[in-house]
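These numbers were taken from a predicted model, which means no experiment stands behind them. In what follows, chains carry the letters A, B, and so on, assigned in the order in which the sequence lines appear, proteins first and then strands, with residues in each chain numbered from 1.
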There are 2 protein chains.
Amino acid sequence: MIGRLNHIAIAVPDLDAAAAQYRDTLGADVGAPVAQPDHGVTVVFIDLPNTKIELLHPLGETSPVAAFLARSPAGGIHHICYEVADIEAARDRLVTEGARVLGDGEPRIGAHGKPVLFLHPKDFNGCLVELEEA
Amino acid sequence: MIGRLNHIAIAVPDLDAAAAQYRDTLGADVGAPVAQPDHGVTVVFIDLPNTKIELLHPLGETSPVAAFLARSPAGGIHHICYEVADIEAARDRLVTEGARVLGDGEPRIGAHGKPVLFLHPKDFNGCLVELEEA
């Protein structure tokens, strides 16, 4: 069911410093910051040859990333995103298997303009898993 | 400098359950458990179309993954691994830029039989980063 790893999202306390480190120290292909107010984050996309890294920094008062950084001030991996061909079919299979979908269980439009769902970390080895319709 | 994302390593408290979940619930291509006593882990490799997931479970008395699971009993992402063309050149560039290499700073042979280094999580947004010579 799951296909490609679409991205790894890393919450960072200092977006400029983290972007500079990936660009200058690690020599990666780092984009400009993009504000995504609907998702409560500012994102820097890093293109690797086979997948993406997304650096996340809180934007606004209710950012889910702010709570993450309050618990882990140095930052850390916030979630991993797998692609699926049909997000509603994936959701139905997961629910049948007993996995919990966050929110109301309906896909919403994610940061890439495609339908996404998030799965409960307690059901997936402590990892917040995003599914994105490819 | 960094190339492909070689893998994401996830520490899991129950290797059989996690492997079954990735195989049966997420429908991924999941291998058999492989004991790696030199690294203090038993590993299950999951092949995605563009990268790998490695499920890690402690093996032996001094496993670094045991300490991780003691802090995070549900499991979690243990490290991410980027490929580099020349690990000694990468190490020298990182040290010049002020990043800390774990251990004695010399590459050792990793779980895939290739030279690897680990970088200090405090220098990389709370993420343990492995570099592997591709």
Side-chain angles (χ1 to χ4, degrees), chain A residues 1-8 10-15 17-18 20-29 46 48-53 55-57 68-69 72-80 82-84 90 93-99 119 121-129 131 134, chain B residues 1-8 10-15 17-18 20-29 46 48-53 55-57 68-69 72-80 82-84 90 93-99 119 121-129 131 134:
Chain A
M1 184 171 76
I2 58 171
R4 298 174 71 257
L5 178 80
N6 186 276
H7 63 268
I8 302 172
I10 303 175
V12 302
D14 183 332
L15 191 58
Q21 182 185 50
Y22 266 85
R23 186 178 55 239
D24 301 332
T25 304
L26 292 173
D29 182 5
I46 301 170
L48 301 182
N50 61 333
T51 191
K52 291 191 295 285
I53 305 293
L55 303 178
L56 303 180
H57 190 72
F68 182 97
L69 288 173
S72 301
I77 295 175
H78 185 267
H79 67 266
I80 54 178
Y82 300 125
E83 297 178 359
V84 295
R93 174 169 169 173
L94 286 159
V95 169
T96 300
E97 298 274 351
L119 307 177
K122 287 192 178 170
D123 296 337
F124 289 91
N125 309 294
C127 302
L128 179 58
V129 173
L131 298 180
Chain B
M1 183 170 76
I2 59 171
R4 298 173 73 257
L5 178 80
N6 186 276
H7 63 268
I8 302 172
I10 302 175
V12 302
D14 183 331
L15 191 59
Q21 183 186 50
Y22 266 84
R23 184 179 57 239
D24 301 332
T25 304
L26 292 172
D29 182 5
I46 300 170
L48 302 182
N50 61 331
T51 190
K52 291 191 294 284
I53 306 293
L55 304 177
L56 304 180
H57 190 73
F68 182 97
L69 288 173
S72 301
I77 295 175
H78 185 267
H79 67 266
I80 54 179
Y82 300 125
E83 296 178 359
V84 294
R93 174 170 168 171
L94 286 158
V95 170
T96 299
E97 298 273 352
L119 306 177
K122 288 192 178 170
D123 295 338
F124 289 91
N125 309 294
C127 301
L128 179 58
V129 173
L131 299 180

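Between C127(A) and the options I77(B), V12(B), I8(B), a side-chain contact (heavy atoms from CB on, under 4.5 Å) holds for only I77(B).
Proximity of a side-chain donor or acceptor of Q21(B) to a complementary backbone N or O of D123(A) within less than 3.5 Å is detected. Side-chain N or O atoms of N125(B) include none that pairs as donor or acceptor with a backbone N or O of G75(A) at under 3.5 Å.
Looking only at heavy-atom pairs under 4.5 Å with chain A, the residue among G3(B), P13(B), P121(B) that has the most is G3(B). Contact count against chain B (heavy-atom pairs under 4.5 Å) is highest for A74(A) among A74(A), A90(A), A11(A), A28(A). Ranked by heavy-atom pairs shorter than 4.5 Å toward chain A, the options I2(B), L131(B), V84(B) are led by I2(B).
For Y22(A), the part lying near chain B is the side chain, with the backbone staying farther off; criterion is any non-hydrogen pair under 4.5 Å. For D29(A), no part lies under 4.5 angstrom from a heavy atom of chain B. Heavy-atom distances place the side chain of I80(B), and not its backbone, under 4.5 Å from chain A. Contacts of T25(B) with chain A are made by both backbone and side-chain atoms, with heavy-atom separations under 4.5 Å. Both the backbone and the side chain of L5(B) have a heavy atom closer than 4.5 Å to some heavy atom of chain A. Residue R93(A) touches chain B through its side chain alone, counting heavy-atom pairs closer than 4.5 Å.
Listed here is the closest heavy atom pair of L26(B) and M1(A): O-CB, 3.2 Å.
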